[in-house]
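Written out below as structure tokens is the structure these notes cover.
Worth knowing before you read on, the calculation uses all heavy atoms, side chains too, and leaves out hydrogens, waters and symmetry mates.
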Amino acid sequence: PGFTRVTKPSFVFYSFVPNYQRKPFDDVRVRKALWLAADHKAAADILVDGRGVAGGVLVPGTIYATPQEEIAKWPGYRYPKDQDIAEAKKLLAEAGYPNGFETWISARSGKAWVDYAVYMTGELAKIGIKAEVRPEEIGAQKLRMFNHDFPTLVFRESQGTDDPDAFFGGFYTSTAGQNWGAYSNPKVDELFAKQAQALDPKERLKLVRELEQTIIADYPRVIHFWWSISTYSWPQIKDWKPHSSVQANWKHRDTWLSR
């Protein structure tokens, strides 16, 4: 009692990544089916006790992020899920998989990651895809990730800043260091460079939104949710501002104690 709690989305998101270079995930219809099947609320409820926020490519609530009320209207984010599941099955049938297919999921050893992979098997089963979970210790999985040696994987991703450069440049450009699924789209690379060089904030926002929609149209990964974190402060702590990143905001140069 007496303290204040602030909860907000962190820079960490739970992500299911298909390999863009492997069949059947080289087919945009199959990737879109995965996107449509995602149940963002259920994933957050099951995996992090509800401490997650459905969002797009950028951290929800930040300057360049698409507003939540718009995201709620996107295919894959609609509730109830019946319409999305039906459309996902139709897309798989059009892609040549009317009865689904079999695949496996690479997961880092450890409860959080294996739980996520097991959750994914249930989500995929709803559209006829049978998936096997294959846990590995982190070194072996990282080698597999850097070599794009997997059909699908689950991972908990993050960046140290909420600037669009970090997330677009970290996960979605053709040379991105965390582009595990080997996703590549020349238009994404072009728009990334343009928004990074834009000096006018309004112009940059326009380019960022166009870039986000270009990425989403390719469905290179499923973003289940952004993990929310809570921070607490006592009333005598003044001028302390909570931050979404656990790696930032530790200088406290403006924070003071009232007695």
Centroid-centroid under 6.0 Å between Phe11 and Trp227 rings: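 They do not qualify: ring centres at least 6.0 Å apart.
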Pair Tyr119 + Phe16: ring centers closer than 6.0 Å: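 So the answer is no for these two rings.
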Connected-component partners of Leu91 among ILVMFWY, side-chain separation under 4.5 Å: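 So far as hydrophobic clustering goes, Leu91 is joined with Leu36.
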Hydrophobic cluster (4.5 angstrom, side-chain heavy atoms) - remaining members for Val53: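 Listed partners: none, Val53 stands alone.
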So, taking the atom named [atom1] in [X] and the one named [atom2] in [Y], what distance separates them when rounded to the nearest 0.5 Å?
{"X": "Leu124", "Y": "Ile105", "atom1": "CG", "atom2": "CD1", "value": "5.5 Å"}
{"X": "Arg209", "Y": "Leu211", "atom1": "CZ", "atom2": "CG", "value": "12.0 Å"}
{"X": "Gln236", "Y": "Leu257", "atom1": "CD", "atom2": "CG", "value": "6.0 Å"}
{"X": "Leu207", "Y": "Tyr64", "atom1": "CG", "atom2": "OH", "value": "10.0 Å"}
{"X": "Ile215", "Y": "Ile223", "atom1": "CD1", "atom2": "CD1", "value": "8.5 Å"}
{"X": "Thr173", "Y": "Asn185", "atom1": "OG1", "atom2": "CG", "value": "11.0 Å"}

What closest approach, in Å, do [X] and [Y] show between heavy atoms, and which atom pair accounts for it?
{"X": "Glu87", "Y": "Arg78", "answer": "OE1-NH2, 3.6 Å"}
{"X": "Val133", "Y": "Ala107", "answer": "CG1-CB, 4.4 Å"}
{"X": "Gly169", "Y": "Ala176", "answer": "O-CB, 3.2 Å"}
{"X": "Gly56", "Y": "Trp74", "answer": "CA-CZ3, 4.0 Å"}
{"X": "Pro220", "Y": "Pro18", "answer": "O-CD, 3.3 Å"}
{"X": "His40", "Y": "Ala54", "answer": "CB-CB, 3.8 Å"}

If hydrophobic clusters are built by linking Ile, Leu, Val, Met, Phe, Trp and Tyr wherever their side-chain heavy atoms come under 4.5 Å apart, do [X] and [Y] end up in the same one?
{"X": "Met145", "Y": "Ile138", "answer": "no"}
{"X": "Val114", "Y": "Phe150", "answer": "no"}
{"X": "Phe171", "Y": "Ile71", "answer": "yes"}
{"X": "Leu58", "Y": "Ile63", "answer": "yes"}
{"X": "Phe101", "Y": "Ile127", "answer": "yes"}

Using a 4.5 Å cut-off on heavy atoms from C-beta on, say whether the side chain of [Y] contacts that of [X].
{"X": "Val222", "Y": "Tyr14", "value": "no"}
{"X": "Asn19", "Y": "Pro151", "value": "no"}
{"X": "Lys81", "Y": "Tyr79", "value": "yes"}
{"X": "Ile237", "Y": "Trp256", "value": "no"}
{"X": "Thr152", "Y": "Val17", "value": "no"}
{"X": "Leu191", "Y": "Phe168", "value": "no"}

Glu203 side chain vs Ala198 backbone, donor-acceptor pair below 3.5 Å: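 No: the side chain of Glu203 does not pair with the backbone of Ala198.
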Donor-acceptor under 3.5 Å (Arg31 side chain, Tyr20 main chain):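 Here the side-chain-to-backbone pair does not exist.
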Identified side-chain hydrogen bond (donor to acceptor under 3.5 Å, both in side chains) counterpart of Glu136 within the set Arg108, Arg144, Gln141: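 By the side-chain hydrogen bond (donor to acceptor under 3.5 Å, both in side chains) criterion, Glu136 pairs with just one of Arg108, Arg144, Gln141: Arg144.
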Pair Glu137 + Lys142, salt bridge at N-O below 4.0 Å: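 So Glu137 does not pair with Lys142 through a salt bridge.
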Intermediate values then yes/no, side-chain contact (heavy atoms from CB on, under 4.5 Å), Trp234 and Thr4: CA-CA 6 Å; Trp234 295 100; Thr4 300; over 6 Å; no
Ring geometry between Tyr232 and Phe3 (parallel below 30°, tilted from 30 to 60°, perpendicular above 60°):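 Perpendicular, since the angle between the ring planes exceeds 60°.
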Ring geometry between Trp113 and Phe155 (parallel below 30°, tilted from 30 to 60°, perpendicular above 60°):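 Ring orientation of Phe155 relative to Trp113: tilted.
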If we ignore angles and hydrogens, is there a donor and acceptor under 3.5 Å between the side chains of [X] and [Y]?
{"X": "His224", "Y": "Tyr116", "result": "yes"}
{"X": "Asp84", "Y": "Tyr77", "result": "no"}
{"X": "Gln195", "Y": "Glu210", "result": "no"}
{"X": "Ser174", "Y": "Ser184", "result": "no"}

Below 3.5 Å, can you tabulate the donor-acceptor pairs from side chains in residues 21-28 to any protein atom, sequence neighbours excluded?
from	atom 1	to	atom 2	distance (Å)
Arg22	NH2	Asp149	OD1	3.1
Lys23	NZ	Asp26	OD2	3.3
Asp27	OD1	Arg29	N	2.8
Asp27	OD1	Arg29	NE	3.1
Asp27	OD2	Arg29	NE	3.3
Asp27	OD2	Arg29	NH2	2.8

Set of side chain to side chain contact (heavy atoms under 4.5 Å, CB included) partners for Arg134, sequence neighbours left out: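 For Arg134, the residues satisfying side chain to side chain contact (heavy atoms under 4.5 Å, CB included) (neighbours in sequence not counted) are Trp104, Glu132.
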Partner residues of Lys238 under the salt bridge (charged side-chain N to carboxylate O under 4.0 Å, His left out) criterion, sequence neighbours left out: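 Result, salt bridge (charged side-chain N to carboxylate O under 4.0 Å, His left out) vs Lys238: none returned.
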Residue pair Tyr219, Tyr183: steps toward the ring-ring contact (aromatic ring centres under 6.0 Å, His included) verdict: CA-CA 10 Å; Tyr219 311 99; Tyr183 169 61; over 10 Å; no
Salt bridge (Lys or Arg N to Asp or Glu O under 4.0 Å) partners of residues 154-181, not counting sequence neighbours, each pair once: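 Listed by first then second residue: Glu157-Arg221, Asp163-Arg204, Asp165-Arg204.
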side-chain contact (heavy atoms from CB on, under 4.5 Å) between Trp35 and Ile216, intermediate numbers included: CA-CA 9 Å; Trp35 177 279; Ile216 288 174; 3.8 Å; yes
side-chain contact (heavy atoms from CB on, under 4.5 Å) assessment of Phe167 paired with Val59: CA-CA 9 Å; Phe167 286 94; Val59 184; 3.7 Å; yes
Stepwise side-chain contact (heavy atoms from CB on, under 4.5 Å) check, Leu34 with Ile129: CA-CA 10 Å; Leu34 303 178; Ile129 299 174; 3.8 Å; yes
